[in-house]
Visitor: 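Here you go, one structure.
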Amino acid sequence: MKPSIPKGTRDFSPSQVIKRNYIFDTIRSVFIKYGYQPIETPAMENLSTLTGKYGDEGDKLLFKVLNNGAYLNKSDATAFVEKDSAKFTQSVSKRGMRYDLTVPFARYVVMNQNDISFPFKRYQIQPVWRADRPQKGRYQEFYQCDADVVGSNSLMLEAELAQIYDEVFANLGVSVTIKINNRKILFGMAEAAGVADKFIDMTTAIDKLDKIGMEGVANELTNRGIATAAIEKIQKMLSITSLAALKPLFENSETGLKGIEELEAFHQYFDTKPAINKIEFDSTLARGLSYYTGCIFEVKANDAVMGSIGGGGRYDDLTGNFGLKGVSGVGISFGAARIFDVMEELKLFPENIAVQLKCLLVAFDKPSHEYAFSVLNKIRSAGISAELYPEPAKMGKQMKYANARAVPFVIIIGSDEMNSGNLAMKNMATGEQEKYALLELLEKLK
RNA sequence: GUGAUUGUAGCUCAGUUGGUUAGAGCGCUGGUUUGUGGUUCCAGAGGCCGCGGGUUCGAAUCCCGUCUUUCACCCCA
């Protein structure tokens with residue numbers, strides 16, 4: 001049998017895991033600095049928790065887990081005969097793989113509401129699964145890094161989360177544009193154009209603007225049954241890039257004005273500290289996930305062709321689904337796999353993160369190999385990462401191994417070194433080799 | 001879910017109109033070298049040509065199916 005892994009999944013080699021951890025560590029340290037606390041939730045959730053939260057398209061992309069035991073005894077025979085997959089699946093699967101981290105978080109908050117003091121700020125770095133067709137930057141298994149706050153309406157939190165985006169990408173060296181909009185502004189546009197009833201159709205159409213252009217959006221809107229006059233109004237509003245210019249158009253839309261107010265409040269907080277990356281208002285930013293209600297964010301890399309590498313926003317009533325009303329939340333997410341791909345493409349990973357092993361010991365024969373092991377223990381006791389080639393093999397072979405491991409120093413031990421106590425240390429980058437007593441050698445390695 | 005695309009050695013890829021024993025580079029193993037790698041030279045191992053079926057005297061090559069890869073759409077990180 002030829003080994004293989006499921007489509008859309010990947011193995012990670014040591015160097016890849018090291019790079020990925022570098023991304024995680026950078027994100028995590030910023031999360032912690034801003035006061036967010038870690039939680040973890042199971043890979044599987046009950047399907048009742050997941051279904052209906054991501055729209056019809058999202059439900060199709062949920063991985064379902066087959067029930068255990070004699071699950072066919074309780075299966076829906078009628079649905080099977082009628083080839084009604086959705087209904088039949090319900091009768092043989094109660095659990096599904098987590099699709100994102102936000103819905104499990106909402107579930108967690110509701111289940112633990114008595115133990116949580118609000119506002120509750122949490123971060124979570126775990127894999128999620130989607131039964132999507134893989135393509136560029138799209139996998140069936142990938143990590144998300146989320147930070148969310150529940151239990152406060154303050155726009156300060158939106159500003160803080162935008163600062164987190166700015167700081168993380170600055171630390172990673174990725175130049176990005178943080179786009180911000182507000183769902184209420186989009187609704188205001190729909191109202192101003194007189195198509196409030198087609199709000200969802202309108203947003204999904206204009207979300208594609210940068211892909212299909214203004215004309216494409218117009219076509220899309222026509223296809224979705226929006227009148228030409230309304231389309232012209234929408235187009236006009238989409239070309240506006242400043243909040244002040246948008247305001248007069250929202251005279252008759254209370255919601256639209258509220259959206260502008262919120263973004264103004266956001267800026268009052270955010271503008272107190274100069275941002276490293278560009279942050280811009282983008283009235284065409286819509287975002288798919290249906291639960292967003294207020295500010296929405298999206299992050300795009302400036303120097304690479306890639307979908308969004310982060311997104312988030314305010315959701316007023318996510319926990320309402322689970323019976324806890326009136327708790328507002330806001331959160332952001334980093335797409336670690338895509339950030340990885342962008343950083344790889346732009347060669348932004350620091351050179352030295354891969355070097356973890358400081359020195360390799362090599363020995364010539366059995367006595368010196370045994371002696372070398374005692375030296376190894378002393379080096380490790382000094383807190384230095386070290387390794388001894390497991391047998392006294394030929395020099396060339398051991399040196400080749402040292403090369404493959406990209407180890408900076410090799411310590412060579414034979415009968416001379418054993419008798420004199422002076423150990424030969426070779427700098428693999430320069431090729432220089434000198435002899436040191438053990439204590440001296442430890443100093444050199446620190 | 002729709003439409004394309006890909007699969008040959010561990011890796012990157014050649015392989016002509018269907019023709020007898022399927023190749024290269026890199027890597028790997030051994031030697032050149034009984035105490036020195038990243039640059040020599042020599043030798044060797046390693047392939048159900050993704051899988052299943054069909055056409056044919058004969059299939060890596062043509063046809064069908066299936067899985068997989070990559071890409072676009074839908075949707076999204």
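Chain naming here is simple, since letters A, B, ... match the order of the sequence lines and numbering starts at 1 in each. Keep in mind that what you see is a predicted model, and the values were worked out from it rather than measured.
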Visitor: At 4.0 Å (heavy atoms only), tell me whether G312(A) reaches a base, stays on the sugar-phosphate, or touches nothing.
Guide: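 No contact.
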Visitor: Using a 4.0 Å heavy-atom cut-off, does S333(A) contact any base of the nucleic acid, only the sugar-phosphate backbone, or nothing at all?
Guide: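 Nothing, no heavy atom under 4.0 Å.
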Visitor: Suppose you measure atom P in rC49(B) against the same atom in rU61(B); what distance do you get, rounded to whole Å?
Guide: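 Between the two P atoms, the distance is 10 Å.
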Visitor: Has K208(A) got a side-chain N or O lying under 4.0 Å from the OP1 or OP2 atom of rC73(B)?
Guide: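 So the side chain of K208(A) is outside the cut-off, no N or O lying under 4.0 Å from OP1 or OP2 of rC73(B).
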Visitor: What is the separation between atom CE on M428(A) and atom C1' on rU36(B), rounded to the nearest whole Å?
Guide: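 Answer to the nearest Å: 8 Å.
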Visitor: Parallel, tilted or perpendicular: which one describes the rings of Y165(A) and F297(A), with boundaries at 30° and 60°?
Guide: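 Ring orientation of Y165(A) relative to F297(A): perpendicular.
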Visitor: Taking atom types as modelled and ignoring hydrogens, do the side chains of E387(A) and Y401(A) form a donor-acceptor contact shorter than 3.5 angstrom?
Guide: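 Present: a donor and an acceptor within the cut-off.
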Visitor: Of the nucleotides rC76(B), rU36(B), rG3(B), which has the atom closest to the R130(A) side chain?
Guide: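 Out of rC76(B), rU36(B), rG3(B), the nucleotide with an atom closest to R130(A)'s side chain is rC76(B).
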Visitor: Looking at every strand, decide which applies to G137(A) at a 4.0 Å heavy-atom threshold: base, sugar-phosphate, or nothing.
Guide: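 Base: the residue G137(A), judged by heavy atoms under 4.0 Å, touches a nucleobase.
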Visitor: Taking the side chain of K426(A) as heavy atoms from C-beta outward, which of rG3(B), rU36(B), rA77(B) is closest to it?
Guide: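 Nearest listed nucleotide: rU36(B).
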Visitor: In whole Å, what is the span from the CZ atom of R338(A) to the P atom of rC75(B)?
Guide: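 That distance rounds to 15 Å.
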Visitor: Over all strands shown, is E417(A) touching base, sugar-phosphate only, or nothing at heavy-atom distances under 4.0 angstrom?
Guide: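 Answer is base: heavy atoms of E417(A) come under 4.0 Å of a base.
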Visitor: Atom CD of Q140(A) to atom P of rU69(B): distance rounded to whole Å?
Guide: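 Interatomic distance, CD of Q140(A) to P of rU69(B): 8 Å.
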Visitor: Between C1' on rU39(B) and CG on N403(A), what's the gap in Å once rounded to a whole number?
Guide: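 Rounding to the nearest Å, CG of N403(A) and C1' of rU39(B) are 12 Å apart.
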Visitor: Quick one: which of rC71(B), rU36(B), rA77(B) gets closest to the side chain of I412(A)?
Guide: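 Side chain of I412(A) sits closest to rU36(B).
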Visitor: Has R20(A) got its NZ or CZ under 6.0 Å from the middle of the six-membered ring of F12(A), at an angle within 45 degrees of the ring axis?
Guide: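 Here R20(A) passes the 6.0 Å and 45° test against F12(A).
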Visitor: Round to a whole Å and report the spacing from CG of D59(A) to P of rC76(B).
Guide: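 Atom CG in D59(A) sits about 12 Å away from atom P in rC76(B).
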Visitor: Report the distance from atom NZ of K397(A) to atom P of rU36(B), rounded to the nearest whole Å.
Guide: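 Taking NZ of K397(A) and P of rU36(B), I get 16 Å after rounding.
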Visitor: How about Y143(A) and L101(A): do any of their side-chain heavy atoms sit closer than 4.5 Å?
Guide: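 They are not in contact (no side-chain heavy atoms under 4.5 Å apart), so the answer is no.
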Visitor: Can you identify which nucleotide, out of rA77(B), rU36(B), rC75(B), has its nearest atom closest to the E57(A) side chain?
Guide: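 For E57(A), the side-chain atoms sit closest to rC75(B).
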Visitor: Please tell me whether N181(A) and D282(A) have a donor and an acceptor in their side chains that are separated by less than 3.5 angstrom.
Guide: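 The answer is no; no qualifying pair exists.
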Visitor: Going by atom types only, do N68(A) and R95(A) share a side-chain donor-acceptor pair under 3.5 Å?
Guide: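 On atom types as modelled, these side chains qualify, holding a pair under 3.5 Å.
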Visitor: Check every strand shown and say whether A429(A) touches a base, only sugar-phosphate, or nothing at a heavy-atom separation below 4.0 Å.
Guide: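 Touches a base.
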Visitor: Given rC28(B), rG3(B), rU69(B), identify the nucleotide with an atom nearest to the side chain of K7(A).
Guide: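 The closest nucleotide is rU69(B).
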Visitor: When the P atoms of rC51(B) and rA4(B) are considered, how many whole Å apart are they?
Guide: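 It comes out at 25 Å once rounded to the nearest Å.
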Visitor: Mind calculating the distance between NZ (K394(A)) and P (rG35(B)) to the nearest angstrom?
Guide: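 In whole Å, rG35(B) P lies 10 Å from K394(A) NZ.
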Visitor: Please report the distance separating the P of rC41(B) from the corresponding atom of rG23(B), rounded so that it comes out in whole Å.
Guide: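 Between the two P atoms, the distance is 23 Å.
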Visitor: Does Q135(A) place a side-chain N or O at less than 4.0 Å from the phosphate oxygens OP1/OP2 of rA72(B)?
Guide: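 Yes, within the criterion.
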Visitor: Out of rG38(B), rA72(B), rA77(B), which has the shortest distance to the side chain of F142(A)?
Guide: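 The nucleotide sitting nearest to the side chain is rA77(B).
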